[in-house]
Amino acid sequence: MPYNFTAVEKKWQQYWLANKSFRALDPAEAGGAPKSYVLDMFPYPSGEGLHVGHCEQQTATDILCRYLRMKGHNVLHPIGWDAFGLPAEQYAIKTNTHPRVTTERNIANFRRQIQSLGFGYDWDREVNTTDPNYYKWTQWIFLQLFNSYFDPIQERAMPIGHLINELQNENYVIAPDGSIHINPVQEGLDPITGDLRVERIWTELAPEEGREIIDGQRLAYQAEVPVNWCPGLGTVLSNEEVIDGKSEVGGFPVERRPMRQWMLRITAYADRLVNDLDLLQWPDSLKEMQRNWIGKSVGADVDFEVVPPGDDVKRVEANRRDTGDTTEPDEELTITVFTTRPDTLYGATYMVLAPEHPLVDRITPTSHRETIESYRTMIAGKSDRDRMAETKDKSGVFTGAHAINPVNDQKLPIYIADYVLMGYGTGAIMAVPAHDERDFDFAKKFNLPIRQVVRPSGMAVSAMQGPTEEVEAAFVGEGIAINSDVINDLPTAEAKERIISILEREGTGRRSVKYKLRDWLFSRQRYWGEPFPIVLDEAGNAYDIPESELPLKLPEIDDFKPTGTPEPPLSKAREWLRYERDGKVFTRETNTMPQWAGSCWYYLRYIDPHNDQRFVDPEKEQYWMPVDLYVGGVEHAVLHLLYARFWHKVLFDLGHVSTLEPFMRLVNQGLILGEMEYHTVEDPPRKVSEDEVEKRGENYVLKSDPTVKVKAESFKMSKSRGNVVNPDDIVRDYGADTFRLYEMYMGPLEAQKPWNTRDIVGMARFLNGVWRNLVGDEETNKVAKIEPIAIPETIDRQMHRTIKKVEEDIAGLRFNTAIAELIKLNNEMTKLAVISRELAENFTLMLAPFAPHIAEELWERLGHTKSLARRPWPTHEPAKLLETTLELPVQVNGKLRDKIAVPADADEETILTTAAAAPGAKPWIEGKTMRKRLYVPKKLVNFVVG
RNA sequence: GCCCCGGUGGCGGAACGGCAGACGCUUCGGACUUAAAAUCCGAUGCCCGCAAGGGCGUGCGGGUUCGAUUCCCGCCCGGGGCACCA
């Protein structure tokens, strides 16, 4: 080893820390320097320590940041800890250690590891989500949510006080479902047609009613919702944390039960969250995942009147009493369905309600009650998984009731079936078997009529089967409306518009948009999370605590064990629970916030981490935001990235931040898999080493017995598989610089790639070679000759090409090809007896972002006293890139036959003549007819002969 | 089932209309060494040939083009996401 990487790396790590080499400047000190905010998804400091995936992400951003600093940017590159969460709490329960203790210990280990890799973070800006000075502001943001509502007229969040004002002034009225609308009178509408009758005015409400209305509008609200309750863990779990009805951690049974929970009204932002994706430079696949998750569908709500029982089977008195039906027997009932294809309304041949639909009891005549009930019981016993597994085999039962199609007065039978979900749309559908696969399957099974109303454009009318004849399959595409009266002959898009306007005029339907996105369940029954800054009165009504009481610290308790009931651990903190205000006694909220809370806004705290007056100073926020590049794993594609965008938009609406979106450009680094594993495909499979395997044709086989096939696979790194690579080992054996180079050299940042320890040595050889070229080799007493001479022309050209290429590659995050270019230049330098000082310095500067320790050491040995961290990046001179001679390939009929060297300024005819005479090309041309002579400037020559 | 992404030597990968395989690893040969490691130099897609040279090659089949790994159409395989969302 020509150089001692351990000593060199330690020396410069200490230097950087002592000199705060990577401090980001506040706007006032920054002068005219452009700003760059480069962000890593901050790690959860687990007990396992840093893994190679963290290192890949952080090396990539570190290289970019070091480069940007050399380009004169004021760079913000911070790090922190997402430290609340279940693992620390589980560990605390098991070992009876306070989670704070393990968290602190893990953070110290992570910090040590990160510093041992030489990442240039601004350590003065470190944040920790479990620090009360941090979660004070998480709680503060929660209060902003609690004290705001989404104004449907302005389509943005506003302080709840604004709503109260507008209601008091009767500008807004309340619909029976609790939603807020502009007062039709204020709009200049006729109060009769404006339907003021069914809306309520603030002044008519009792105070208690008014409070309920207001609470029902808050962005943070309480609701009784069915949750995944896990008694074994003593907490609710998200859907993602439940597998086959058991908890992912521990495998405890999970039950669904309704519980009072805190919810955040993310659904109010669904439309903006979809639309604003267009502003972002994110991977398309990731945007697509967010779009799918939000699941926006545009269509119409259509009202179908249930046929009065007098015309059908009487709903008898006993039936109505048992089911709690308070309507008069002849009162009209309406089923509202949602459809994205209102143009197929004429093709509806039956209707389906979700089994849980509240109208089911009210429409079902006594004669059918028993079958309906037994079907519902059967459904209730099935898990969600079973329900999903039977996609093709539809089940359902007839309710005995009918409804009237508003467009043609047809009487449609009403079914209940589990393929219709209560949780989406209105929980009811009109079924159009001719144009929906699910309806088609159901209609086939229950022998229901199929009526075609859309003709594929391009298909002749005569080619269509008759409306009620046997149809092979549903046609779900767009086409031309047929058998549809008023919309006949219209293409699908126009037919939709036309039918919606007719429905709206008749009052039997309206344009409607639905989303799959549900409100965010925001509370957990855990100890190790942010306490809510909320107190509850005896009735369970929530009140915020004053800002002056923040942070509301977690109480000290020594028993973190689940209570075995939905009562969270904080309920054991007797003293802490009691809260008194104005002589009234309240109880503190004992749920805590989920782990996502702290990570929803940490990028803002980095900007101003020590501010105790505000969560971020507005001037600094405007300077640094938005984040220019955000790098992290794809596992956060929907949850963290959706939640953070939502919080950011609320903060934007309330005037606390200046940008619509937090993260302009985002890159997902690919997963690093474990080393390739080989096993035979015989029974039973046997693990073999790489050396025993060779490739024969398509397959890998055993060298010793080529009849035995071998399979090569790489797996995700995991403790159980024993293929985890510990960065500490690699740093100890090869050094941080080599490790960084290796991780970047493996392949494109975004690609998934397998780890291969064998390959690391290539990067170690590269750095040793650099050292030998620029310093020498103590073992062989070789001293490098660096002298202030001019750079020889060929290597000068290559140097300028390298400067250009490395610069472009870093900006495009193509670190693997940038490193290849540096290796090439170093290989050339190896051949030189004397190296020009200018070349040595430029090379060192270019190497610095990738291998900063060795670069700093070389820089110092080249006679510099100050760190190169802010030294200007070398510039390439375009004039130096120009070749004096061109080497051109000569093709005949597209096949390479020879190469020629011509002066760069030679004219086309000279080049073509020279090429035709080239010894490799000539025999292929002679005696043939020249059909075409092609010269692609500076690229190649191609002769077409025949 | 639907939607994305990918398939290039023994391996990781490069080129993304213009010399396929940059660069690294591996393997082989050579130098240094008593020897080994380390290091350095050379070779390393496959086939035919002593060689010069020639042929074949970017998952498969077609197409566009003077020219296709690259663009278009149809398949096959692998990875990821969604999954009765009306």
Side-chain angles (χ1 to χ4, degrees), chain A residues 1-2 283-289 291-293 295-297 299 337-341 344 352 387-394 417-421 423-432 435-439 441-442 476 514-517 634 637-638 671 676 690-691 693-695 698 700 712-713 741-742 745-748 750-763 765-766 768-769 772 777 779-780 814 816-824 827 830 887-899 920 931-934 936 938-946:
Chain A
M1 268 314 138
D284 287 338
S285 59
L286 201 147
K287 287 190 192 181
E288 198 55 30
M289 280 166 80
R291 279 194 199 98
N292 286 342
W293 189 266
K296 180 180 181 175
S297 297
V337 306
F338 173 70
T339 177
T340 54
R341 294 295 298 271
T344 63
V352 187
R387 276 175 75 159
M388 274 192 277
E390 297 162 7
T391 307
K392 268 286 162 195
D393 190 26
K394 297 279 179 291
D418 68 348
Y419 82 91
V420 173
L421 310 172
Y424 183 78
T426 59
I429 62 158
M430 62 171 198
V432 186
H435 305 291
D436 181 283
E437 274 171 29
R438 296 151 296 173
D439 298 346
D441 293 340
F442 191 86
V476 298
K514 305 280 188 223
Y515 302 91
K516 280 198 276 187
L517 186 69
V634 74
V638 277
L671 202 62
M676 198 72 94
E690 195 190 342
D691 302 335
V693 176
E694 66 179 336
K695 202 169 187 181
E698 302 274 282
Y700 293 93
E713 280 176 290
L741 281 171
Y742 170 65
Y745 196 64
M746 288 171 80
E750 293 96 325
Q752 197 173 93
K753 49 228 168 232
W755 179 269
N756 191 351
T757 300
R758 195 183 64 189
D759 288 347
I760 298 174
V761 69
M763 295 302 113
R765 284 178 192 153
F766 167 51
N768 282 325
R772 248 193 314 273
D777 193 342
E779 283 174 39
T780 57
R814 295 181 297 269
N816 53 335
T817 48
I819 293 168
E821 212 59 29
L822 290 170
I823 293 174
K824 271 204 297 208
N827 288 348
T830 305
E887 197 179 63
L888 294 173
V890 181
Q891 296 183 342
V892 180
N893 287 345
K895 254 187 202 311
L896 180 70
R897 293 303 176 185
D898 206 342
K899 285 175 193 176
R931 300 201 189 280
K932 204 167 186 177
R933 303 193 306 158
L934 238 101
V936 184
K938 292 183 182 169
K939 291 283 187 194
L940 52 50
V941 176
N942 190 14
F943 296 115
V944 186
V945 297

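Reminder, nothing fancy here: chain letters follow the sequence lines and each chain counts from 1. Keep in mind that this is a model prediction, so the values were computed, not measured.
- Each of B:A86, B:C3, B:C23 was ranked by its minimum atom distance to the side chain of A:Ile823; first place goes to B:C23.
- Contacts of A:Ala637 classified as side chain to side chain contact (heavy atoms under 4.5 Å, CB included), with partners at least two apart in sequence or in another chain: A:Leu286, A:Met289, A:Val634.
- Taking atom CD1 on A:Ile760 and atom C1' on B:G24, their separation rounds to 12 Å, with Å as the unit.
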Pairwise N/O distances under 3.5 Å, protein to nucleotides 52-55 of chain B:
residue : atom : partner  : partner atom : Å
B:G55   : OP1  : A:Arg897 : NH2          : 3.4
B:G55   : OP2  : A:Arg897 : NH1          : 3.3

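- The side chain to side chain contact (heavy atoms under 4.5 Å, CB included) check on A:Thr830 picks up A:Asn773, A:Asn826, with sequence neighbours excluded.
- For A:Arg897, the side-chain hydrogen bond (donor to acceptor under 3.5 Å, both in side chains) criterion is met by no residue, not counting sequence neighbours.
- Rounded to whole angstrom, the span from the CZ atom of A:Phe943 across to the C1' atom of B:G67 amounts to 14 Å.
- Using the Watson-Crick or G-U wobble rule with both distances under 3.5 Å, B:G6 pairs with B:C77.
- Contact between the side-chain N/O atoms of A:Lys939 and the OP1/OP2 oxygens of B:G18 is not found at any separation under 4.0 Å.
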Generate the contact string for nucleotides 7-14 of chain B. Rules: B means base contact, S means sugar-phosphate contact only, - means no protein heavy atom under 4.0 Å. ---BSBSS
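- B:G9 has its base syn relative to the sugar, with a glycosidic angle deviating from 0 by at most 90°.
- For B:C60 and B:G54, the C1' atoms lie 27 Å apart once the distance is rounded to whole Å.
- Atoms CD (A:Glu750) and C1' (B:G79) sit 16 Å apart, rounded to a whole Å.
- Annotation: side chain of A:Ile823 is in contact with side chain of A:Met763 (closest heavy-atom distance under 4.5 Å).
- With C1' as the reference atom, B:A68 and B:C19 are 15 Å apart, rounded to whole Å.
- B:G78 sits 42 Å from B:C40 when the P atoms are compared, rounded to a whole Å.
- The side chain of A:Asn942 lies closest to B:C66, out of B:G81, B:C66, B:A22.
- Contact annotation: A:Ser285 side-chain N/O to B:C3 OP1/OP2 distance is not under 4.0 Å.
- Remark: the separation of the C1' atoms in B:C56 and B:G63 is 22 Å, to the nearest Å.
- Residues forming a side chain to side chain contact (heavy atoms under 4.5 Å, CB included) with A:Leu934 (at least two apart in sequence, or on another chain): A:Lys932, A:Val936, A:Asn942.
- No contact: A:Glu821 has no heavy atom under 4.0 Å from any strand.
- Nucleotides B:A35 and B:A51 place their C1' atoms 38 Å apart, quoted to the nearest Å.
- Candidate nucleotides B:G18, B:A20, B:C41 were compared by shortest atom distance to the side chain of A:Leu896, and B:A20 ranks first.
- Counting only heavy atoms from C-beta on, A:Ala820 has its side chain closest to B:A22 among B:A22, B:C25, B:A86.
- Both distances falling under 3.5 Å, in either a Watson-Crick or a G-U wobble arrangement, place B:G42 opposite B:C28.
- The OH-P distance, from A:Tyr742 to B:G24, rounds to 15 Å in whole Å.
- By the salt bridge (Lys or Arg N to Asp or Glu O under 4.0 Å) test, A:Asp439 pairs with no residue at all, sequence neighbours left out.
- The residue A:Asn827 sits close only to the backbone: its heavy atoms come under 4.0 Å of sugar-phosphate atoms, none of a base.
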Base-contact (B) and sugar-phosphate-only (S) positions in nucleotides 42-48 of chain B, heavy-atom cut-off under 4.0 Å, - elsewhere: -------
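- At a threshold of 4.5 Å between non-hydrogen side-chain atoms, the residues A:Val944 and A:Asn893 count as touching.
- Listed by chain and residue number, A:His679 satisfy the side-chain hydrogen bond (donor to acceptor under 3.5 Å, both in side chains) test with A:Glu713 (two or more places apart in sequence, or in another chain).
- As a whole-Å value, the separation of A:Lys516 NZ from B:C84 C1' is 11 Å.
- Atoms CZ (A:Arg814) and C1' (B:C23) sit 16 Å apart, rounded to a whole Å.
- Take A:Thr817 and apply the side-chain hydrogen bond (donor to acceptor under 3.5 Å, both in side chains) test, not counting sequence neighbours, and it matches A:Asp809.
- A:Asn756 pairs by the side chain to side chain contact (heavy atoms under 4.5 Å, CB included) definition with A:Glu675, A:Tyr742, A:Arg758, A:Asp759, not counting sequence neighbours.
- One interatomic measurement links the two molecules: CG of A:Leu421 to P of B:C84, which rounds to 7 Å at whole-angstrom precision.
- When the P atom is compared between B:G9 and B:C5, the two are found 22 Å apart, to the nearest whole Å.
- Proximity of A:Val432 to A:Arg341: side-chain heavy atoms (C-beta onward) are nowhere separated by under 4.5 Å.
- Nucleotides B:G59 and B:G7 are separated by 6 Å at their C1' atoms, to the nearest Å.
- Across B:G49 and B:U39, the matching P atoms stand 38 Å from one another, rounded to whole Å.
- Between A:Lys824 and A:Gly894, the residue whose closest nucleotide on RNA chain B is further toward the 5' end is A:Lys824.
- Listed pair A:Arg765 / B:U39 meets the phosphate criterion, a side-chain N or O lying under 4.0 Å from OP1 or OP2.
- Rounded to an integer number of Å, the gap from A:Leu940 CG to B:C19 C1' is 8 Å.
- The salt bridge (Lys or Arg N to Asp or Glu O under 4.0 Å) search around A:Lys514 returns A:Asp301, not counting sequence neighbours.
- In this structure, A:Lys394 forms a cation-pi arrangement with A:Tyr419, its terminal cationic atom sitting closer than 6.0 Å to the ring centre and no more than 45° off the ring axis.
- The side-chain contact (heavy atoms from CB on, under 4.5 Å) test with A:Phe766 singles out one residue from A:Val761, A:Asn827, A:Leu741, and that residue is A:Leu741.
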